[in-house]
Amino acid sequence: MTLRIPARLTAPKPGWVTSADVIVVGSGIAGLTAALRLRQRVDRVLLVTKTVLSEGSTEWAQGGIAAALDPADSADEHLADTLVAGAGVCDEDAVRILVTEGPARVRELATLGMEFDRGPDGEISLTREGGHGRDRIAHAGGDATGKEVSRALIAALGAALIAVKEDSGIEVLEHALVVDLLQDRDCRVCGVTLHVIGEGQMDGVGAARARAVVLATGGIGQVYSSTTNPSVATGDGVAAALRAGAMIADLEFVQFHPTVLWLGEGSSGQQPLLSEAMRGEGAFLVDRDGVRFMADVHPLADLAPRDIVAKAIVAQMARTGSDHVYLDARHLGRDLLQKRFPSILQRCRELGFDPVTELLPVAPAQHYASGGVRTDGVGRTSLAGLYACGEVSCTGVHGANRLASNSLLEGLVFASRIANDIALRLSAGELTPADPFVRADDTKLVARKERTAVQRAMTLGAGAVRSADLLAEAGKNLRVIADSAPGLTADPGSWETSNLLHLAQLLTLVATLREETRGGHIRSDFTDRDDAHWRGHIYAVREADGSVTTSFHPVVPHGPAGSLAATTSEDPLTSGDLLTSEDLLTSGDLLTSGDPLTPKDPS
């Protein structure tokens, strides 16, 4: 499969210019944390968000934040559970950072005013979710943890804004869609182009310049027809980084949440999530005949890692000829359901379901992207001046499958590390200002009306269960869309659709390459995990001529007592030093057109 990606999206030339020391793009837990910490040590921060501050993916997180807060728990146990869920390709160094620094970051949230649910003794209440060997999930408002995280961080940001309004030390730009990254002659990232919906000089496309850019734009959920992600999750950050030449890693590892409320054939868009914490409290899965099936699949039964549960549900649906299974929470009782899951209870009843008295129809839907823009332990990408954190990034923490409730923790931990690294580099005289340079007029735009076609192609061809034939068909359909008449209007809808197309094409390519089943990547034609050939990462980078090259980077086990820990054997990003795309590509085996690992062109 030959893949070519344009350098930029078709857009008007910037009609206005603003500047800051650092630009943070995104207002979920990662973006808000980075902005707050940067403002403590940097003169001017610009926080850009696509809609308003409270509408990022973080708000929709129901389960909670995983951290070893119980004295009986430990970072090593949390690490072990994360490595098992990651199916052999986690970066153990990154995971160790997550689990050792995580508890302190969670406690800092409490000091910012986050109201965790607490027990009679005043300690933070902890519960369990799939893949965790202990109760270590801190939650708030029962099932409204993400909403409370956003509230606390936005309140803290508001206080910061009030405190610095005299010197304009921090600025928030809402309703702003980042179109592309700005780069200087040496490809260093020095800002963004963005479209702001508003009045006055901030209307239309402008240029925001900075000494560093932090992407915290969330995931790629809207690349599929059905997802738990909000409508703003169109992969803008990953797509912009891809076009700029940043290294993208592990994009084939897409997590499908096993228990998403099934609303009937043809339902699309953001779907209601039934938190894994419900199974943590004792809810269980049954098929249409009332048979519990998870006990025969995994020792943890209904609390097995998400990829295993999702795969088991798909298999059970096929065996019974059904398009869904059921979640049984009736035995939990009205009081517990109302206390722990008030938001879920209310939403289910709004849609005509009552968890207290009825079985809930569920089926897997796209939930989380474990891959993204490859970063090191302090959030640096392969492009100088560009950082990434949260779901847009690939730190190596999640491996092939994210462990439940590790996502909010990752945003907290790595956003803090990014802020520290940028502040240190700025104070040392690094990350100096640079002037943007446009190399070529290599632009393309797909009409916004093609969005449904992109989603349909991905859902049918690169969904929860994949095969060579399905992926080939998806590749053909996406190529037709890419070659279609370009959109006549450069607007947010066309930019979002173009981003989805570019990521869909890349995801289909790397999913075709990986001929095995591992974590969130499930192949019906290669049903086994193949550590001999595929224990490692597929990296992708857009070259100067627009072509996309891929490279496979094997991992080697290391860690205590022969654990499942793995790090890339020659992955320079783990060193914390800034790298170029060329450095990364030389560290692994480059897949060329003559390499047997390269997939056949489906077109």
Side-chain angles (χ1 to χ4, degrees), residues 54-55 57-67 69-70 106 109-110 113-132 134-152 155 228 230 257-264 267 270-286 290 292 294 301-303 306 309 324-363 365 367 404-405 407-408:
S54 60
E55 290 190 6
S57 294
T58 294
E59 184 183 6
W60 298 96
Q62 295 174 343
I65 305 177
L69 299 172
D70 190 325
V106 172
L109 273 181
M114 180 170 173
E115 297 178 359
F116 286 101
D117 293 343
R118 296 178 181 271
D121 59 358
E123 294 297 321
I124 295 174
S125 297
L126 302 173
T127 189
R128 190 176 305 197
E129 292 182 3
H132 290 274
R134 287 188 181 273
D135 293 352
R136 64 167 68 97
I137 313 302
H139 47 86
D143 59 356
T145 305
K147 186 175 293 186
E148 173 59 15
V149 168
S150 293
R151 185 205 63 77
T228 64
H257 198 289
T259 53
V260 176
L261 194 63
W262 186 79
L263 299 179
S267 179
Q270 186 177 9
Q271 304 293 293
L273 173 67
L274 301 185
S275 171
E276 195 155 356
M278 294 184 74
R279 282 175 283 137
E281 293 290 349
F284 54 82
L285 293 161
V286 298
R292 294 186 66 173
M294 284 306 304
D302 297 271
L303 283 176
R306 288 176 178 173
V309 180
H324 62 278
V325 296
Y326 294 94
L327 182 69
D328 191 348
R330 295 173 297 179
H331 57 287
L332 300 183
R334 184 184 307 274
D335 291 344
L336 189 148
L337 287 170
Q338 184 62 54
K339 178 181 177 181
R340 279 288 286 115
F341 308 109
S343 301
I344 293 175
L345 197 63
Q346 178 182 346
R347 184 59 177 150
C348 285
R349 287 172 171 168
E350 289 172 350
L351 295 168
F353 303 95
D354 190 348
V356 176
T357 60
E358 297 177 279
L359 294 172
L360 301 173
V362 295
H367 183 56
S405 289
S407 55
L408 293 181

Set out, in order, the CA-CA distance, both residues' side-chain angles and the distance that settles side chain to side chain contact (heavy atoms under 4.5 Å, CB included) for Leu327 and Leu359, then state yes or no. CA-CA 6 Å; Leu327 182 69; Leu359 294 172; over 6 Å; no
Begin from the C-alpha positions of Gln338 and Leu345 and carry the test side chain to side chain contact (heavy atoms under 4.5 Å, CB included) through to its verdict. CA-CA 7 Å; Gln338 184 62 54; Leu345 197 63; 3.1 Å; yes
Using side chain to side chain contact (heavy atoms under 4.5 Å, CB included), reason through Ser405 and Ile137 one step at a time and then give a plain yes or no. CA-CA 7 Å; Ser405 289; Ile137 313 302; 3.6 Å; yes
Determine whether Val309 and Asp302 satisfy the following criterion, side chain to side chain contact (heavy atoms under 4.5 Å, CB included), listing intermediate values before the conclusion. CA-CA 7 Å; Val309 180; Asp302 297 271; over 6 Å; no
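Here the side chains of Phe284 and Met294 are not in contact, with every heavy-atom distance at 4.5 Å or above. With contacts defined as side-chain heavy-atom distances shorter than 4.5 Å, the pair Pro258/Val362 does not qualify. Counting heavy atoms from C-beta outward, Pro361 and Phe353 have side chains that approach closer than 4.5 Å. Between Pro272 and Leu263, some side-chain heavy-atom pair lies under the 4.5 Å cut-off. Residues Val286 and Val325 are not in side-chain contact: their nearest non-hydrogen atoms beyond the backbone lie 4.5 Å or more apart.
Annotation: the span from His324 atom NE2 to Leu360 atom CG amounts to 10.5 Å, rounded to 0.5 Å. Interatomic distance, Leu285 CG to Arg279 CZ, rounded to the nearest 0.5 Å: 6.0 Å. Rounded to the nearest 0.5 Å, atoms CD1 (Ile65) and OG (Ser407) are 9.0 Å apart.
The backbone N or O of Ala363 sits nowhere less than 3.5 Å from a side-chain atom of His257 that would complete a donor-acceptor pair. Judged purely by atom type and a 3.5 angstrom limit, Thr127 has no side-chain atom pairing as donor or acceptor with the backbone of Asp135.
The residues Arg292 and Asp328 are annotated as not salt-bridged, no charged nitrogen and carboxylate oxygen being separated by less than 4.0 angstrom. Salt bridge present: Glu281 and Arg340 bring a charged side-chain N and a carboxylate O closer than 4.0 Å.
Using modelled atom types, one finds no donor on one side chain facing an acceptor on the other under 3.5 Å when comparing Arg128 with His132. His367 and Thr228 share a donor-acceptor pair across their side chains, judged by distance under 3.5 Å alone. Side-chain contact of Glu276 with Thr259: a donor-acceptor pair under 3.5 Å is absent, judged by distance alone.
Minimum heavy-atom separation, Gly119 to Ser125: N-OG, 3.1 Å. Between Gly352 and Glu358, the shortest heavy-atom contact is O-OE1, 3.9 Å. Contact between Leu332 and Leu336 at its shortest, heavy atoms only, is O-CB, 3.4 Å. The two residues Gly280 and Leu303 come nearest to each other via the heavy atoms N-CD2, 3.7 Å.
Partners of Asp354 by salt bridge (charged side-chain N to carboxylate O under 4.0 Å, His left out), not counting sequence neighbours, listed by chain and number: Arg349.
Just one residue in the list Val260, Ile344, Leu261 forms a side-chain contact (heavy atoms from CB on, under 4.5 Å) with Leu273, and that residue is Val260.
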